[in-house]
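Structure first, commentary second.
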Amino acid sequence: MKRTHTCGEIGAGDLGRDVCLQGWVRFSRDHGGILFFDLADAYGTTQLVYDPEDVPDEAGKDALEKALDGFTRESVVSVGGTVRERIPGTEDPRNPTGEAEVLVKEAEMLSPSHPPPFEIGEQKEHLLPAEETRLRYRYLDLRRAEMMRVMRFRHRLLSLAREHLDDRSFLEVETPLLTRSTPEGARDFLVPSRVHPGSFYALPQSPQLFKQMLMVAGADRYYQIARCFRDEDSRADRQPEFTQLDLEMSFVDREDVIAAVEALIAHIWKGLHGEALSTPFLRLGHEEAMDRYGTDSPDLRFGLPMTEVTSMVADAPYEIFQRVLAKKGAIVGINVKKEDGADAVGRNEIDRLISWVKRHGLGGMTWMKVSSAGLESNIVKYFTPEVQHGLTEAMDAAEGDLLLFLAGSREKVRETGGLLREKLAADLDLIDEDKHQFLWVVDCPLFEKDPVSGKLTALHHPFVRPAGELSPDVLGESYDLCLNGVELGSGSLRNHDSSLQRSILSMLGLSDERMEQEFGFFLEALGYGAPPHGGIALGVDRMVSIMLGKESIREVIAFPKNKRMHSPVDGSPTPVDDDKLSELQLMSLAIDDLDLDDIEDLE
RNA sequence: GCCCCGGUAGUGUAGUGGCCUAUCAUGUGAGCCUGUCGAGCUUGCGACUCGGGUUCAAAUCCCGGCCGGGGCGCCA
């Protein structure tokens, strides 16, 4: 028997037709004579029915019944039969195939299944087995229609991206997975070389240098759906291997790249959601993002910005503020607007917020209520009417609002204020889960100074073009894309001038010798006519998970690693045989009976 | 490296010191049932993460390990 139809396409139009269906037995219902089976495949479910009083071939009846007896849950079977209309009143309106059924005349077991460790049928989220179990039997988990829907959504997103970029002369190029380990950035996954004992490839953390060399090559516009690898601890939105939609363009300025990315995302959005996405996206300077929201990827689905009031209250004889000012600290306010639910924040709630703030390392929090008579609280008396007026103006305070103030070191206040903002939004239910708020954060500093060593490190990566004359404080020609407070992608214009690139690497502490050793090949490439260029890399896993409202990117990756970077389905990583190691001239230090003398003997 | 939460039949759960020979559902085995659709009915099966401790008594309390998850650090 050969399949003639899928389980999702049988309908009223097929009545009377002889068909062959093949798929998985999802549920069966035995009424003591008449039998029902739900046969499922990737496209849908069709009801099979066996009726002992309606068997065309009496001689084959026993064999047919015997075969059907073996149709256990999740076994793969092949059936031949006739499509017929269901008895009136027994149609299933929830199922697109629910008006028809297939009367089984032939049945064959293709592949039996053990009883599955959990149920494959559609079920409520809270009835799902633990993620651990789902990942161990991922091939069964993926069999669920919801997971198939996720995989299709992801596929569609990538198709739409390809379609859009192909139409705009972007060239899809595969860059190597076996690459050079470079000193900057995350920890590398290393691959030992058999041919060059003691030498290693690194799996790419991103195709950054290769795509830039493609620009030198004159490719003009490049993209790649690129797997990237970073050996750092995972999070709900971080896996050791992940996918970037990576692109790069030549002869462009920042606006060109931003516009190209907005058009790309709008195209994807329209294709997946059917509705136009409003562009251009909001934009925020990095410094303002930090000042107002305490993070470089703020969630602008809600308000509650911070307002710095340090200078405004500088002369107020309020001791707590004065102590902070003496230590060159900062004082910021957050206005919980009446319309955001300030009334819901009573004295008890404020006390809870104060202890929450203390747990985050600040001394406390002060507050004022805005009433018709003006500001009210036990500290208002320390502020002159002019100062009160200034605060009201600066924080856009109106009657019914609640003003919260944090004081401490600038970094701590920013950080805690940002977290408080998110906590308030969650507590007051200000986040519209259906809203998708894109945001560009632009003008990030090129460098970050290590507070302990004073050493400069690159905030993004060392190839970002400075927006002005090179100095430790210079801003970069950068643009980070955020969606709902999550960093979706990071892009910039790059340095196409090799001497500028050298200066930056040198400011990052690389000696000429090291620079030559680690990046010489790339600097050399920049010396052979590198066009001005820039690009971006978008996190595909994050984009898909946010668009589908999933809590973790593991939900949108077919075979993800778990928190401890184990692959539950294949059990990797595993130890390997000693002969494999010795072929690579390697010896593990992670073995129980290791005798250090053995190593010394080898030297 | 650190902090927090969790671990009870195959799966999801109830059980906060003795009422536990551990609840319920689902699953699974057997039987019944001719229009169901996550069919129904009867009945059998099946579990306290591991080690140590406290106690007359531990699924329950304490300590440690293992496993899973969230986070900090880390992630140019």
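In what follows, chains carry the letters A, B, and so on, assigned in the order in which the sequence lines appear, proteins first and then strands, with residues in each chain numbered from 1.
- Taking atom C1' in both B:C24 and B:G46, the straight-line distance is 14 Å, to the nearest Å.
- Within the shown strands, B:C32 is the pairing partner of B:G40 under the Watson-Crick or G-U definition, both distances less than 3.5 Å.
- At the heavy-atom level, A:Phe27 lies under 4.0 Å from the strands shown only through sugar-phosphate atoms.
- With P as the reference atom, B:C75 and B:G10 are 43 Å apart, rounded to whole Å.
- Rounded to a whole Å, the CG atom of A:Asn95 is 16 Å from the C1' atom of B:A39.
- A 4.5 Å side-chain heavy-atom check between A:Asp38 and A:Arg29 finds at least one atom pair inside the cut-off.
- The interatomic distance linking A:Leu103 (CG) with B:U36 (C1') rounds to 15 Å, in whole Å.
- Pairing partner, B:U60: none, since no Watson-Crick or wobble contact has both distances short of 3.5 Å.
- The separation of B:C48 from B:C61, taken at their C1' atoms, amounts to 16 Å, rounded to a whole angstrom.
- A heavy-atom distance below 4.5 Å is found between the side chains of A:Arg143 and A:Leu140.
- A:Glu74 places its CD atom 13 Å from the C1' atom of B:G38, with the value rounded to the nearest Å.
- Within the 4.0 angstrom heavy-atom criterion, only backbone atoms of the sugar-phosphate kind lie near A:Glu132; the bases stay farther away.
- Only the P atoms considered, B:U23 is 26 Å distant from B:G31, to the nearest whole Å.
- Look at B:C66: its Watson-Crick or wobble partner, with both distances under 3.5 angstrom, is B:G7.
- One P atom belongs to B:U55, the other to B:U16, and the distance between them is 23 Å to the nearest Å.
- Applying the 4.0 Å criterion to OP1 and OP2 of B:A39, one finds that A:Arg29 has a side-chain N or O inside that range.
- Residues forming a side-chain contact (heavy atoms from CB on, under 4.5 Å) with A:Asp429 (at least two apart in sequence, or on another chain): none.
- Comparing the P positions of B:A57 and B:G7 gives a spacing of 25 Å, expressed to the nearest Å.
- From A:Lys423, atom NZ reaches atom CG of A:Leu353 across 6.0 Å, with rounding to the nearest 0.5 Å.
- Residue A:Arg359 is classed as having no contact, given no heavy-atom separation below 4.0 Å to the nucleic acid.
- A donor-acceptor contact under 3.5 Å is formed by the side chain of A:Arg86 with the base of B:C37.
- Applying the Watson-Crick and G-U wobble criteria (two distances, each under 3.5 Å), B:C45 pairs with B:G27.
- Taking the side chain of A:Asp38 as heavy atoms from C-beta on, and the options B:U36, B:A39, B:U34, the nearest nucleotide is B:A39.
- A:Leu538 contributes atom CG, which lies 11.0 Å from atom CD1 of A:Ile225 (distance to the nearest 0.5 angstrom).
- Between A:Arg564 and B:C67 there is a side-chain N or O to OP1 or OP2 distance below 4.0 Å.
- In this structure B:C19 sits in no base pair that meets the Watson-Crick or G-U test at under 3.5 Å.
- One P atom belongs to B:U26, the other to B:U42, and the distance between them is 11 Å to the nearest Å.
- Counting heavy-atom neighbours within 6.0 Å of A:Tyr201 OH, excluding the residue itself, gives a total of 12 or less.
- At the heavy-atom level, A:Glu101 lies under 4.0 Å from base atoms of the strands shown.
- Judged by distance alone, with hydrogens and angles left aside, A:Glu551 brings no side-chain donor or acceptor close enough to the base of B:G70 to form a pair under 3.5 Å.
- With values rounded to the nearest 0.5 angstrom, A:Asp141 atom CG is found 7.0 Å from A:Leu128 atom CG.
- One distance of note links CD1 of A:Ile536 with OG of A:Ser490; it measures 7.0 Å at 0.5 Å rounding.
- Look at CG on A:Leu35: it is 16 Å from P on B:G40, rounded to the nearest Å.
- Residue A:Phe118 and nucleotide B:U11 are not classified as a stacked aromatic pair, given the requirement of ring centres less than 5.5 Å apart at an interplanar angle below 30°.
- Of the candidates A:Arg494, A:Gln224, A:Gln212, A:Arg494 is the only one forming a side chain to side chain donor-acceptor pair (under 3.5 Å) with A:Glu248.
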Between the protein and nucleotides 42-48 of chain B, are there any N/O to N/O pairs under 3.5 Å, and if so, what are the atom names and distances?
none

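- The structure places CG of A:Asp480 at 5.0 Å from CD of A:Glu487, a figure rounded to the nearest 0.5 Å.
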Exercise. Quick one: what's the B/S/- string for nucleotides 71-76 of chain B, heavy-atom cutoff under 4.0 Å, read 5' to 3'?
Worked result: BBBBBB

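- To the nearest angstrom, P of B:U34 lies 13 Å from CD of A:Glu65.
- Rounded to the nearest Å, the gap between the C1' atom of B:U21 and that of B:G29 is 23 Å.
- Sorted by first and then second residue, the side-chain hydrogen bond (donor to acceptor under 3.5 Å, both in side chains) pairs involving residues 565-575 of chain A (not counting sequence neighbours) are A:Ser567-A:Asp570, A:Asp570-A:Ser572.
- Among residue pairs with one or both ends in residues 64-99 of chain A, those qualifying as ring-ring contact (aromatic ring centres under 6.0 Å, His included) are A:Phe37-A:Phe71; sequence neighbours excluded.
- At a cut-off of 3.5 angstrom, counting only N and O atoms as typed in the model, there is a donor on one side and an acceptor on the other between the side-chain of A:Arg84 and the base of B:G35.
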Exercise. Salt bridge (Lys or Arg N to Asp or Glu O under 4.0 Å) between A:Arg352 and A:Asp427: does it pass, once the steps are laid out?
Worked result: CA-CA 12 Å; A:Arg352 271 193 290 274; A:Asp427 290 354; over 6 Å; no

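- In this structure, A:Asp69 places its CG atom 13 Å from C1' of B:A30, rounding to the nearest Å.
- Here the straight-line distance linking atom OG of A:Ser478 with atom NE2 of A:His460 works out to 5.0 Å at 0.5 Å rounding.
- Here the shortest heavy-atom pairing between A:Pro207 and A:Asp246 reads CG-OD2, 3.5 Å.
- Going from atom CG of A:Asn562 over to atom C1' of B:C66 covers 14 Å, rounded to whole Å.
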Output a table of nitrogen or oxygen pairs between the protein and nucleotides 23-29 of chain B separated by less than 3.5 Å.
{"residue": "B:U26", "atom": "O2'", "partner": "A:Glu119", "partner atom": "OE1", "Å": "3.2"}
{"residue": "B:U26", "atom": "O2'", "partner": "A:Glu119", "partner atom": "OE2", "Å": "2.5"}
{"residue": "B:U28", "atom": "OP1", "partner": "A:Arg73", "partner atom": "NE", "Å": "3.1"}

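- Remark on RNA chain B: of its neighbouring residues A:His31 and A:Ala130, the 5'-side contact belongs to A:Ala130, judged by nearest-heavy-atom nucleotide.
- Base pairing of B:G1: its partner is B:C72, meeting the Watson-Crick or G-U wobble criterion (both donor-acceptor distances under 3.5 Å).
- Among the protein residues, A:Asp30 comes within range of the nucleic acid bases, having at least one heavy atom under 4.0 Å from a base atom.
- Remark: C1' of B:G12 and CD of A:Glu131 are 16 Å apart, rounded to the nearest angstrom.
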